[in-house]
Visitor: 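Pasting a structure below so you can have a look.
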Amino acid sequence: MKTTNVMGASFSPDEKRVLFTSNQSGIYNVFSVPAAGGKPTQLTRSTTESTYAVGYFPKDERFLFSRDQGGNELEHLYVRTPDGKEKDLTPGDKHRATFFGWSHDDSAFYVQSNERDERFMDLYRYDAKTYARTLLFQNDGGYDLGTVSPDEKWVALEKQRTTADSDVHLYNVATKELKHLTPHKGIAWWITATFDPGSTALYLLTNEGSEFTRVVRYVLATGKLEEVEKADWDVMYTYFSKNGAWRVTGINEDARTVIRVHDVKANKSLALPQLPEGDITGVSIARGEKRMAFYVRGDRSPTNLYVYEFDTKKLTRLTDTLNPEIDPKDLVESEVVRFKSFDGLQIPNILYKPHQATPENKLPALIWVHGGPGGQTRKGYQPFMQYLANHGYVVLGINNRGSSGYGKTFFTADDQKHGREPLQDCLEAKKYLASLPYVDGSRVGIIGGSYGGYMVLSALAFHPDAFNVGVDIFGVSNWLRTLKSIPPYWESFREALYQEVGNPETQEEMLRAVSPLFHAEKIRKPLLVIQGANDPRVLKVESDEIVQAVKKSKVPVEYVVFPDEGHGFSKKKNEAEAYSRTRAFLDQYLKQASATN
């Protein structure tokens with residue numbers, strides 16, 4: 001757990017330093033490091049609230065950062081001046097406000113905020129010198145903000161119909177007219193990617209007429225749609241450097257990120273430097289377009305920050321995030337594996353096989369279920385998975401039906417079927433694990449966070465004999481309450497969530513049938529529940545009630561609550577406690593379990 005996590009990268013105006021976020025201090029703070037290499041300097045010194053770097057101002061040493069209160073997700077945008085003074089640019093108690101990009105001429109920046117109406121994010125323009133602001137777009141229609149054109153004449157908006165079906169609209173800032181760009185039949189995802197630097201075209205991502213998401217552009221002058229780029233997997237994003245010399249595309253290729261950097265003028269892809277094995281993420285091209293910062297993350301190497309010079313091809317690594325007490329050789333290289341589920345559907349997974357696992361030394365196993373619905377377990381350094389593998393647990397990160405990254409049909413295969421077919425995939429995963437020569441099929445547990453926590457509770461309630469133990473990390477126990485109590489600023493997503501999981505107003509019986517809380521008396525296997533007290537998505541009462549209900553049956557239950565966390569861990573000490581408590585629980589109830597219990 002001493003491994004440092006780093007994220008976000010922004011060049012200083014002279015491009016000699018890079019601003020980034022690190023939890024080296026035990027909690028996330030803002031750091032700066034010389035682009036040529038050297039020791040990072042800590043710039044913010046919060047000891048209680050996680051603080052995330054947004055970026056330097058384009059012309060001076062001020063920088064923007066964001067922060068919430070104890071994980072309540074009501075983040076605000078702050079500015080810090082070179083003398084160390086901090087100022088909240090979005091004051092108030094009840095709203096959230098997030099950075100939305102710089103204007104093309106660098107004279108202003110954009111902020112989205114729900115202070116006017118807690119359900120909807122409006123778009124404001126802040127003057128970079130005075131912080132005076134003007135309302136650019138008043139969001140009364142429940143849109144998600146997409147992107148602003150460099151000439152500031154257009155705002156692209158998104159409208160979600162379901163989690164797999166969405167549309168893009170174009171707002172004319174001068175006339176306030178709204179134009180629907182993507183009328184379509186059937187299920188298709190349309191979202192905004194970026195405008196080109198000349199404000200001549202809006203780049204979009206869509207899977208209309210295909211399984212996977214590709215890049216198309218809408219030409220503003222003619223209204224014509226043109227195909228731009230595709231892959232055999234989902235394109236996750238594409239964006240331009242400041243003046244359009246480069247376009248960066250990220251592709252979700254079988255649970256890892258593959259980057260393409262296009263030289264726009266030469267119309268070819270840049271050959272990327274030789275790097276350690278792993279994903280390249282977070283590419284940030286400097287305003288001068290001569291260098292880029294990015295992150296590399298492998299299974300046995302946590303995320304590290306690099307800078308690459310395009311002309312000289314010089315590559316510099318700026319961070320060293322692996323705990324020096326760990327030998328990378330002791331970590332496990334994960335593997336993508338697939339098995340056929342009950343109906344023949346191929347289920348992809350990420351498998352961690354401990355070094356000590358052999359047919360002579362069969363080990364207990366865990367199925368790890370990701371959050372969502374619609375998330376994905378991916379390759380790359382996962383401290384918790386490595387910790388479990390190191391202590392003798394085989395871990396299978398299942399991408400059950402409904403996971404993203406494997407095409408439109410697979411993604412929608414769990415709609416209105418939660419607690420049933422996706423859960424069946426987990427039961428089949430147990431059979432797959434039992435078929436591996438180094439796994440003890442009589443000792444298999446299930447673990448997951450958020451939606452994954454719901455799957456854990458469902459497995460224990462609806463298939464009480466399938467797994468030896470369950471670890472539920474802030475999981476949903478009662479869909480009726482969770483769907484009714486989603487944060488108000490999720491309004492644009494509410495209908496889509498109801499389409500996917502169920503509508504609490506009209507499908508009460510169905511949601512009651514698949515909510516573990518109403519079937520808790522069937523849970524017979526030991527359960528560990530972990531919860532953040534400030535979680536706005538899965539309220540603490542969800543965990544309180546399932547713990548109380550299971551205790552009534554005299555089943556062993558452990559309950560760990562963190563008073564200063566929300567939906568996830570932002571403090572290293574809490575993360576280390578949660579993980580070590582999990583391991584102690586598993587050692588007691590899974591490792592020591594015999595085939596008879």
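Predicted model only: the values in this text are computed from it and were never measured.
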Visitor: Would you please name every residue forming a side-chain hydrogen bond (donor to acceptor under 3.5 Å, both in side chains) with Ser284, sequence neighbours left out?
Guide: none

Visitor: Run the ring-centre check on Tyr579 versus Phe384 and record whether the distance is less than 6.0 Å.
Guide: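 Close enough - the centres of the two rings lie under 6.0 Å apart.
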
Visitor: For the residue pair Tyr451 and Tyr454, categorise the inter-ring angle as parallel (less than 30°), tilted (30 to 60°) or perpendicular (more than 60°).
Guide: tilted

Visitor: Mind checking what makes side-chain contact (heavy atoms from CB on, under 4.5 Å) contact with Arg494, not counting sequence neighbours?
Guide: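 By the side-chain contact (heavy atoms from CB on, under 4.5 Å) rule, Arg494 matches Ile486, Glu491, Tyr498.
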
Visitor: Salt bridge check: are Asp60 and Arg62 linked by an N-O gap of less than 4.0 Å?
Guide: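 The answer is yes: the pair qualifies as a salt bridge.
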
Visitor: Test side-chain hydrogen bond (donor to acceptor under 3.5 Å, both in side chains) on Ser25 and Asn23; report intermediate values, then the result.
Guide: CA-CA 5 Å; Ser25 63; Asn23 66 353; over 6 Å; no

Visitor: Could you tell me whether Trp368 and Tyr352 have their ring centroids closer than 6.0 angstrom?
Guide: no

Visitor: Taking only residues two or more places apart in sequence or in another chain, which ones pass side-chain hydrogen bond (donor to acceptor under 3.5 Å, both in side chains) with Ser32?
Guide: Arg17, Tyr56

Visitor: Does any pair with a residue in residues 322-332 pass side chain to side chain donor-acceptor pair (under 3.5 Å), and if so which ones, sequence neighbours excluded?
Guide: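 As it turns out, the side chain to side chain donor-acceptor pair (under 3.5 Å) pairs with a partner in residues 322-332, which skip direct neighbours, are Lys2-Glu325.
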
Visitor: Quick check on Lys484: does its NZ atom have over 12 non-hydrogen neighbours (other residues, nucleotides or ligands) under 6.0 Å away?
Guide: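 Yes, because the 6.0 Å sphere around NZ of Lys484 holds more than 12 heavy atoms from other groups.
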
Visitor: For the residue pair Arg80 and Phe63, would you count it as a cation-pi contact if the rule is NZ or CZ under 6.0 angstrom from the ring centre and within 45 degrees of the ring axis?
Guide: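 Because its charged atom misses either the 6.0 Å distance or the 45° angle limit, Arg80 does not stack over Phe63.
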
Visitor: For Val560, check side-chain contact (heavy atoms from CB on, under 4.5 Å) against everything at least two apart and list the hits.
Guide: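 Here the qualifying residues are Leu528, Ile530, Phe562, Glu577, Arg581.
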
Visitor: Test Asp279 against every option in Arg256, Arg297, Lys379 by the salt bridge (Lys or Arg N to Asp or Glu O under 4.0 Å) rule and name the one that passes.
Guide: Arg256

Visitor: Should Asp564 and Thr48 count as side-chain neighbours, where that means a heavy-atom distance under 4.5 Å?
Guide: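 Answer no - side chains too far apart.
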
Visitor: Do you know which of His76, Glu75, Met121 makes side-chain contact (heavy atoms from CB on, under 4.5 Å) with His95?
Guide: His76

Visitor: Can you check whether Tyr110 and Trp102 have ring centres sitting under 6.0 Å from each other?
Guide: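 Not close enough - the centres of the two rings lie 6.0 Å or further apart.
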
Visitor: Kindly write out the residues that satisfy side-chain contact (heavy atoms from CB on, under 4.5 Å) with Arg537, not counting sequence neighbours, or none if the list is empty.
Guide: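 Only Glu73, Trp490, Asp535, His567 meet the side-chain contact (heavy atoms from CB on, under 4.5 Å) criterion with Arg537.
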
Visitor: Surrounding CG of Asp83 (heavy atoms of other residues, nucleotides or ligands, distance under 6.0 Å), is the total greater than 12?
Guide: yes

